[in-house]
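Computed from heavy atoms alone, side chains included, the values below leave out hydrogens, waters and symmetry copies.
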Amino acid sequence: MIFLHRAIIVATVVAAPASGFRPFGAPRTAGAARAAVASRTRLPSTTQNDNVSQTKDTSRDKVMTFSYDMSLEPKYEKPTYPGTGNGMGGESGEYDVIVIGSGMGGLTCGAMSAKYGDKVLVLESHIKCGGSAHTFSRMHNGGKYSFEVGPSIFEGLDRPSLNPLRMIFDLLDEEMPVKTYTGLGYWTPQGYWRFPIGSAKNFEDLLMERAEDGPKAVAEWNELRRRLKTLGGSTTAVSLLNLRQDAGFLATTAGSLPFVLTHPDVFLDLPLTFDSLHKTTEQIITVPFLKNFIDTMCIFCGFPAKGAMTAHMLYILERFFEESACYSVPIGGTCQLGNTLQRGLEKFGGKLQLNAHVEEIMVENGRAVGVRLKNGKVVRAKKAVVSNATPFDTVKMLGTKQELPESVTEWRNTLGKLPRHGAIMHLFIAIDAKDLDLSHIQDPAHLIIQDWDRSMQDSQNLCSFFIPSLLDETVCPEGKHVIHVYSSGGEPYEPWEKLEKDSPEYEAYKEERAECLWKAVERCIPDVRERAEFHIIGSPLAHEAFLRRDRGTYGMAWAAGNAAPMAGLLGKALPFPFPNLKTPIDGLLRCGDSCFPGIGTPSAAASGAIAANTMNDVGSHIEMLQEASKRDPMYKFLDPGPLANLYRPFVQGLTPSPELKIPKEVETSS
C-alpha cells in the first residue's frame with residue numbers, strides 16, 4: 001500500500017502555464033528608434049560558439065538549450081543599471097530561516113515558514129520584491145505608465161482553484177483583486193484566431209473551424225484527454241501543498257490512497273508523468289493545427305511538447321475547459337503577486353529586506369549557518385538557508401574561498417553546468433489610443449508565431465504581447481495603452497556580453513533584435529510605431545541585471561525524458577527532470593523555478609511551499625492542511641484525513657529530517 005501511495009504522489013503535478021521574465025533599459029522616442037534600426041552590428045567571430053550557432057538554423061523539431069561553466073568567472077565587467085539598487089542594504093541578526101530572493105518561491109517559502117512559527121528573514125538584492133513578477137513605471141508628459149516585466153497569463157486567481165498560488169493566498173488569508181478574460185489571441189501565418197477557455201464545446205468549435213480536418217482534430221483531442229484522464233484526475237486527489245521531502249509525506253498525502261485504490265492504472269502511468277509529452281502526442285495527434293496548439297501551450301514552461309513534462313499538460317486538460325475557468329489581470333500590475341505574499345509574510349512576523357545582496361552563503365562544518373551580505377554584515381540562520389536564486393546564481397554564492405567538502409564541490413560544479421534556456425528580449429511601448437479601434441480582439445494577452453516550421457524556442461520566431469490597460473485603467477493615463485512584448489527564452493547571450501552598454505553598437509543591436517517584436521504588435525495595431533509616445537527595449541543584459549538571473553536565463557532547461565543530475569532517490573526510479581531541492585550542505589535548501597514542479601508562477605510558488613513544509617514537523621504540516629481544507633469546499637481534498645493518523649506515529653520523529661533540525665548547541669546558546 002505504501003508503494004501505491006507513493007505512486008499517486010509522484011504522479012501529481014499541477015503546473016499552470018505562465019510566461020517568463022522581463023526587464024528594461026532606457027526609454028527612447030519612436031523617431032530615434034527608427035533611425036537606429038538602420039544600423040547593424042557585426043559580431044566578432046569569437047562569440048559564435050555552440051550556444052549561438054544552434055540559433056542560426058532552428059527547425060521545428062530542434063530542442064535548444066544553452067550551457068556555461070559557472071566555475072569560470074567572466075572576463076568582463078557586467079553592466080549595472082540605475083533603479084535596481086546597489087545591494088548595500090541589510091542588517092545583521094539571527095533568524096530561524098533565511099530566504100535568499102523574493103521571487104514567488106522565496107516569498108512563499110518565507111510566508112509559509114512564518115505561518116509555521118519560524119522567525120524568517122527574506123533578503124532581496126533588488127529594490128522591489130516579486131522576482132519576475134514586478135512592475136516598473138515611467139513618467140511621460142506628466143502621466144504615469146506602468147509596465148509588466150514578467151508573467152502575464154494567469155489562470156485560477158479569481159476564486160479558490162487548483163492553482164497553488166491561489167491556494168497559498170487563501171491559506172495566508174490574503175486577497176488580490178483581479179479582472180478576468182476568457183481567451184488567448186493567436187496571430188499565426190494562417191491569420192488570427194482565439195483560444196477560448198471555460199468551454200470544451202467552444203474549443204471543439206474552434207477545431208472544427210480552423211483545423212485542417214475538423215472532425216479528426218476533435219476526435220484526436222478527446223482521445224488525448226481520455227488517455228491522460230486518470231493522471232489529470234489525480235490533481236484533485238492530492239495537491240502540491242501536501243508534499244514535503246522526507247518520510248512525513250506518507251502522512252500528509254495519505255488522503256490520496258482512496259484515489260489510487262479506485263484508479264490502479266495511475267500506477268502504470270507513473271513514468272509518463274515526468275516523460276516528454278511528445279511521446280504521447282505523437283501516438284495520438286496527427287492534425288497539424290492541433291499539434292501546433294499543444295506545442296504553444298507547453299512553450300510557456302520552456303519547451304514545446306518535445307521536452308515538456310506530460311504533467312505540464314494535465315492542468316490544462318482538466319482545468320481550462322471547466323465553465324468557471326478564466327485568465328486574470330491583477331489590478332495594479334503583476335507586482336501585486338509579490339505584494340500579496342509580502343503582506344502574508346509580515347502578518348506572521350516575517351521580515352523582508354530589500355536592496356540586500358547576498359555575497360556568500362556561509363558554510364561551517366558542512367552546514368549552512370547564515371549569509372554574508374554585500375555590505376559585509378553577517379546574518380545567522382539557526383535552522384536553514386533557502387536559496388530562491390537560480391542554481392547558476394546559487395553556486396556563485398558558495399564562493400571559492402571557503403573550504404567545502406569534496407561532495408559539495410562536485411555538486412556545485414555539476415549544478416553550475418546544467419543546461420538552461422536562453423535569455424529574453426523585451427519591448428515596452430506606451431501608445432496614444434485616440435481613435436484606436438481594437439474591436440477585433442477580445443483579450444489583453446496574445447501569442448505570435450512567425451513560422452510553424454521553425455523552433456518555438458527561437459526568440460526571433462515566437463513572442464507574446466500583453467495589453468493590461470484593456471482591463472486595468474490604473475496602469476496608464478486615460479486615452480493611452482501600455483504594451484509589453486517579449487520573446488521566447490531562446491535569445492543567445494554571447495552576442496551581447498561584450499557590447500558596451502549605451503554604445504551606438506549596443507543600441508543598434510537592440511533595435512535589430514527587437515524588430516520582430518514591433519512587427520508582432522503590428523499584426524494587431526498596424527500603426528503602433530506612429531502611435532508610440534515612447535518605447536523601451538530590454539536586452540538580455542538588462543534582463544540579467546534587473547532580475548538577478550545569470551546571463552538573463554529564462555530558467556533551467558533539463559528536457560523531460562531523463563532524470564536530471566542530483567535528482568535524488570526519485571531520479572533513480574523515474575525520469576525526474578529536476579535537481580533535488582535538498583543539497584549536500586546540511587541546512588541549505590533550494591526553491592524556485594529550477595526545482596520541482598518547474599517554470600511558471602504557480603509552480604515556483606509551490607516549490608516554496610514544499611521547502612517550508614520540509615523544514616517543519618509533519619504534525620504542523622497536517623494541521624496546516626486541515627486549516628486550508630476548511631477555507632473553501634474546493635480545498636476539502638487537502639485534508640489527508642484519518643489515514644494520516646496511521647502513518648504519523650511512525651514518521652513524526654523523522655521530521656524535519658536530521659540535517660534540517662536546529663543543532664543542539666545552537667538551540668542551547670539561543
Side-chain angles (χ1 to χ4, degrees), residues 16-24 27 104 128-159 161 163 165-166 169 174-185 194 197-198 300 325-343 426-434 436-447 464-486 521 524-525 528 531-536 538 601-602:
S19 52
F21 320 98
R22 353 271 166 203
F24 48 90
M104 292 298 98
K128 295 182 179 180
C129 71
S132 65
H134 75 252
T135 305
F136 77 93
S137 299
R138 286 289 183 269
M139 298 299 296
H140 179 73
N141 291 339
K144 182 179 179 181
Y145 296 77
S146 297
F147 295 94
E148 308 295 340
V149 302
S152 54
I153 302 175
F154 307 100
E155 192 283 331
L157 293 182
D158 60 309
R159 66 185 72 190
S161 73
N163 184 327
L165 183 58
R166 173 62 198 230
F169 285 171
E174 290 293 339
E175 296 182 358
M176 184 186 73
V178 301
K179 288 191 176 180
T180 61
Y181 59 104
T182 56
L184 177 63
R194 179 177 183 263
I197 68 170
F300 291 112
C326 60
Y327 295 124
S328 298
V329 174
I331 301 302
T334 304
C335 59
Q336 297 303 320
L337 298 175
N339 293 344
T340 302
L341 290 172
Q342 181 183 354
R343 291 196 301 270
H426 303 266
L427 174 62
F428 306 94
I429 316 172
I431 67 169
D432 182 2
K434 183 180 180 180
L436 176 62
D437 182 9
L438 291 178
S439 60
H440 56 292
I441 63 173
Q442 302 177 48
D443 314 288
H446 297 260
L447 194 70
S464 300
F465 68 81
F466 185 55
I467 315 176
S469 47
L470 286 174
L471 294 179
D472 182 4
E473 298 175 353
T474 69
V475 296
C476 62
E478 183 178 358
K480 311 294 182 181
H481 277 309
V482 289
I483 308 172
H484 176 207
V485 201
Y486 48 97
V521 184
C524 178
I525 307 174
V528 64
R531 290 183 173 273
E533 306 258 325
F534 67 90
H535 77 271
I536 302 167
T601 305

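- Side chains of Ser137 and Ser146: a donor-acceptor N/O pair is present below 3.5 angstrom, by distance only.
- The shortest non-hydrogen separation linking His481 to Leu470 is CE1-CD2, 3.7 Å.
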Original post:
How far apart are the C-alpha atoms of Val475 and Thr135, what are their side-chain angles, what is the distance that settles it, and do they pass the side-chain contact (heavy atoms from CB on, under 4.5 Å) test?
Top reply: CA-CA 10 Å; Val475 296; Thr135 305; over 6 Å; no
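- Checking side-chain atoms of Asn163 against main-chain N and O of Glu155 turns up a donor-acceptor pair under 3.5 Å.
- Between His484 and Phe147, the distance from one ring center to the other does not fall under 6.0 angstrom.
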Subject >> Steps toward side-chain contact (heavy atoms from CB on, under 4.5 Å) verdict (Phe534, Asn141) >> reply: CA-CA 11 Å; Phe534 67 90; Asn141 291 339; over 6 Å; no
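- Put simply, the side chain of His440 reaches to within 4.5 Å of the side chain of Cys524, judged on heavy atoms.
- Side chain of Glu148 to main chain of Thr334: a donor-acceptor pair is present (N/O by atom type, distance under 3.5 Å, no hydrogens or angles).
- For the residue pair Ser439/Asp437, the side-chain donor-acceptor check at 3.5 Å is satisfied.
- Between the Asp472 side chain and the Ile331 main chain, no donor and acceptor come within less than 3.5 Å of each other.
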**OP:** Run the numbers on Leu337 and Phe169 for side-chain contact (heavy atoms from CB on, under 4.5 Å), then give the verdict.
**Re:** CA-CA 9 Å; Leu337 298 175; Phe169 285 171; 4.1 Å; yes
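- With Glu533 as the fixed residue, the side chain to side chain contact (heavy atoms under 4.5 Å, CB included) test singles out one of Ile431, Asp432, Val482, Ile429: Asp432.
- Between the side chain of Arg343 and the main chain of Glu175, a donor-acceptor pair closer than 3.5 Å is present.
- From Ile441, atom CD1 reaches atom CD1 of Ile525 across 6.5 Å, with rounding to the nearest 0.5 Å.
- Separation of atoms NZ (Lys179) and SG (Cys326) is listed at 14.0 Å; rounding is to 0.5 Å.
- For Ala445, the side-chain contact (heavy atoms from CB on, under 4.5 Å) partners are Ile153, Tyr181, Leu184, Phe466, not counting sequence neighbours.
- Phe465 and His446 have parallel rings, their planes meeting at less than 30° on a 0 to 90° scale where 60° marks the start of perpendicular.
- With values rounded to the nearest 0.5 angstrom, Lys480 atom NZ is found 10.0 Å from Arg531 atom CZ.
- Although no hydrogens or angles enter the test, the distance criterion places a donor-acceptor pair under 3.5 Å between the side chain of Asp443 and the main chain of Gly183.
- Aromatic ring centres of Phe428 and Phe136: separated by under 6.0 Å.
- In plain terms, the two heavy atoms of Cys476 and Ser469 that are nearest each other are SG-CB, 3.6 Å.
- A donor and an acceptor atom, one from each side chain of Arg194 and Thr182, are located under 3.5 Å apart.
- One distance of note links OG of Ser161 with CZ of Arg166; it measures 7.0 Å at 0.5 Å rounding.
- Atom CD1 of residue Ile483 and atom CG of residue Leu427 lie 8.5 Å apart, to the nearest 0.5 angstrom.
- Note that CD of Glu473 and CG of Leu471 are 9.5 Å apart. Values are rounded to the nearest 0.5 Å.
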**OP:** For side-chain contact (heavy atoms from CB on, under 4.5 Å), just list the numbers for Phe154 and Leu165, CA-CA rounded to whole Å, side-chain angles, deciding distance to a tenth of an Å, and then say yes or no.
**Re:** CA-CA 10 Å; Phe154 307 100; Leu165 183 58; 5.5 Å; no
